[in-house]
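Below, chains carry the letters A, B, ... as their sequence lines are ordered, and counting in each starts from 1. Everything quoted here is computed from the prediction, not taken from an experiment.
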There are 2 protein chains.
Amino acid sequence: MRACQEEVTVWLLEPGNGEETLGTIDRAATISEVAALAGVSPGTASKALNGRGALRPETRRRVQEAAEQLGFVANAAARSLQAGRTYTVGMITTDSIGRFSIPLLIGAEDALGAGQVSVFLCDARDDPIREQYYLRTLLGRQVDGIIVTGRRTQARPPIGVGLPVPVVYAFISSTDPDDCSVVPDEQDGARRAVEHLLAIGRRRIAHVTGPEHHHSATVRADAALRTLSAAGLEPAANVLFGEWSEAWGRQAAGILLSTGAEVDAVFCGSDQIARGLAEALQEAGRVVPRDVALVGFDNWDVMVDGSRPALTSIDMDLEGIGRTAAELLLAAINGNPEHGRRALPGRLIPRASTAVNPF
Amino acid sequence: MRACQEEVTVWLLEPGNGEETLGTIDRAATISEVAALAGVSPGTASKALNGRGALRPETRRRVQEAAEQLGFVANAAARSLQAGRTYTVGMITTDSIGRFSIPLLIGAEDALGAGQVSVFLCDARDDPIREQYYLRTLLGRQVDGIIVTGRRTQARPPIGVGLPVPVVYAFISSTDPDDCSVVPDEQDGARRAVEHLLAIGRRRIAHVTGPEHHHSATVRADAALRTLSAAGLEPAANVLFGEWSEAWGRQAAGILLSTGAEVDAVFCGSDQIARGLAEALQEAGRVVPRDVALVGFDNWDVMVDGSRPALTSIDMDLEGIGRTAAELLLAAINGNPEHGRRALPGRLIPRASTAVNPF
DNA sequence: AGCGTCAGGGCAATCGTTTTCCTTCCGTTG
DNA sequence: CAACGGAAGGAAAACGATTGCCCTGACGCT
């Protein structure tokens, strides 16, 4: 282990001293070779390296040194075979890998990597055939568990029933309430957005969002309306459903302006929509946030920072969702399965588009 | 059991025919169980399922049926152990997984998945320690090969020397010319951009790009200048190095306008820069593309489509790079290693920002 | 001195597949 | 009719790590 650290350093800082880098591993050494070098039996070597059995400290050390010298790394296949565990999980993204999957993936990979578990990545691309193919592949590889993710939060049918390994859904959820799902709390997010606008004194608040058939759009819209009415307010305009794009945001700005509704804030269903709205409003002479304050959703860096002014937005903490899903999966693998949907709160990231004092 | 099967099928394909779905796998069957059910020995069953050995067709069929009935999927660990191959490759992204890694990943996963090879994903996050940790992990898992990617195209020191498995670098390249690298041909991309601007009749062309210490920035800038001078032209202004952001694009627009240089086109080092430039130019009263044509780089959908007008851009075909890298890796695994850098050409995607007739 | 105990470590089975021999049984041929 | 050859399939040895069991000394106690 010490040597390991030093090796890294050698590679990193001083090219030229290649003595003990990983480069010395050119054909995997077996534990028998290590044992032979240390003058013990393979079984003993195994115990020495895994801290099991009753061994003299000196023997243990000798084996460890031999292992290091040979650059020994235990053959995972052999170990899995005998342990019945692979320290491996599969991650299936049902839609394609994209903007939403990545933070999930990073979070999951983070939590799993810390537990010495590797991740098989599978991209099912919205194709049920591919999905089942990957499921089968993963099961053949004896993964210890599976994380299922997707780009929509809507509940989906379970990927399989009676599977031999635990499954956790991240971001999307399973329609089976007995399955374990970790999702963002979108209602809470919408509530925070509206409350923030209320807190800075806005009262004529509109909502522009994605397609009405999109689960996230309706959930967020409902929560927004509820929050408004809890404050004794009506929305400043009907909810505008459209698509998740800047173009729609621009178009929606036109609609809002043309209806003559006196709007002093818009909560947008996505940062892209908010950005489009911001542009169009300002082209029409409205000042953001003085005349109209804006809150987006997703906290997507390139959108919130690229927009002028920078966008206040709701961060769903996707990385946290990925991490939590991974942790729940590990727990399930260790025999402590959890059931049901768990909704993680997001947080509001305030920026200039709702700054009370815009200077 | 039956009920389970039907549920899966109902969801998946054809309600009613639940015979052979994955639902039946609830505790992995071994080949011995299959063999017993088919009334043969395990060895024979193996031959039957893998199309090897000399077996009566009828026997083969019997075994296959037994396998299906039990939902048999060969234990990959056992198979790897004996074959010495795992049909698994590792993919290490040296910087974080991000906008550039994803298409690479998708491309690679595509090519590998088709070959029944699974991918271990590792995110080294620009941390050499993590990198070496993952390398070690992958080697312990006996991956058949490794793909190394990153978010910068600059050459990097090899991830290891004398490794027991082949390595292919994708997007980034290795400083060791003997290693196999697949990279975008950025010079070619820059050339295409400038030639496109020349083709639509622009002669006073400027170049705004990222940091001077960034490899991509200098490579593209050099190629752009060479292309101009090959056409007998000088750049309309000194190359403006800055950062890869919209903010810099806006700032650069100010610089170009204030120097009074008569610029009729700008080739930008990234779509973000181009977008910032487009905004600022138009706020200053210039019309894109009539007064100033713009070409970006990366063909990043949200930027090229979100910008107004939509941006002409250079697409580096990252997915193709990922796919090619994976194919080369598979070839190397099969004993046909390739060496050296292979630069893949990109293509120019024309959009409104360079439309000859902007209506 | 004799017995019990325990530390230290070797042996061998085990995980599930594949593969290399073998064996057996027929059919064909000299 | 004996011998040979090929087809069909079984037996068992790998692959590499782990682990329970057993063996061997050495030590201590009576």
Remember a base hit wins even if backbone is also touched, and classify [X] as base, sugar-phosphate or nothing at under 4.0 Å, heavy atoms.
X       : value
B:Ala74 : sugar-phosphate
B:Thr59 : sugar-phosphate
A:Ser46 : base

To the nearest Å, how far apart are [X] [atom1] and [N] [atom2]?
X        : N      : atom1 : atom2 : value
B:Gln142 : D:dC15 : CD    : P     : 14 Å
A:Glu58  : C:dA7  : CD    : C1'   : 15 Å
A:Leu70  : D:dG16 : CG    : P     : 14 Å
B:Arg60  : D:dA7  : CZ    : P     : 13 Å
A:Arg85  : C:dG16 : CZ    : C1'   : 19 Å
A:Leu49  : D:dA17 : CG    : P     : 10 Å

Taking the six-membered ring of A:Tyr134, is the NZ or CZ of A:Arg130 close enough (under 6.0 Å from the centre) and on axis enough (within 45°)? no

Tell me, do [X] and [Y] make a side-chain contact under 4.5 Å, heavy atoms counted?
X        : Y        : value
B:Val167 : B:Asp179 : no
A:Ile172 : A:Ser181 : no
A:Phe72  : A:Leu49  : yes

Could you pull out the closest heavy-atom pair between A:Ile159 and A:Leu135, with the gap in Å?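 Heavy-atom minimum between the residues: O-CD2, 3.5 Å.
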
Over all atoms of both residues, closest heavy-atom pair of B:Leu55 and B:Arg52: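 Minimum heavy-atom contact is CD1-O, 4.0 Å.
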
Quick check: on DNA chain C, is the nucleotide nearest B:Ala78 upstream (toward 5') of the one nearest B:Arg52, or the reverse? Name the residue that is more 5'.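 Nearest nucleotide further toward 5': that of B:Ala78.
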
Inter-axis angle, terminal five-pair segments of the helix from C:dA1-D:dT30 to C:dG30-D:dC1 [nearest 10°]: 70°

I want to check one thing: is the phosphate of [N], taken as OP1 and OP2, less than 4.0 Å away from some side-chain N or O of [X]?
X       : N      : value
B:Arg79 : C:dT18 : yes
A:Asn50 : D:dT18 : yes
B:Arg56 : D:dA7  : no

Counting only side-chain heavy atoms from C-beta out, which of [options] sits nearest to [X]?
X       : options                : result
A:Thr44 : D:dG16, D:dG10, C:dG9  : C:dG9
B:Lys47 : C:dG16, D:dA11, C:dC11 : D:dA11
A:Ile31 : C:dG10, C:dT17, D:dA17 : D:dA17
A:Gln82 : C:dG8, C:dT19, D:dA17  : D:dA17

Reading DNA chain D from 5' onward, which residue's closest nucleotide shows up sooner: B:Arg62 or B:Leu81?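 Closest to the 5' end, via its nearest nucleotide, is B:Arg62.
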
Could you check B:Gly39 against B:Ala83 and say which one's nearest nucleotide on DNA chain D is further toward the 5' end?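 The answer here is B:Gly39.
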
Residue pair B:Ser118 / A:Arg141, side-chain donor-acceptor N/O under 3.5 Å: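 B:Ser118 vs A:Arg141: donor-acceptor pair found between side chains.
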
Can a salt bridge be assigned to the pair B:Arg323 and B:Glu327 using a cut-off of 4.0 Å between side-chain N and carboxylate O? no

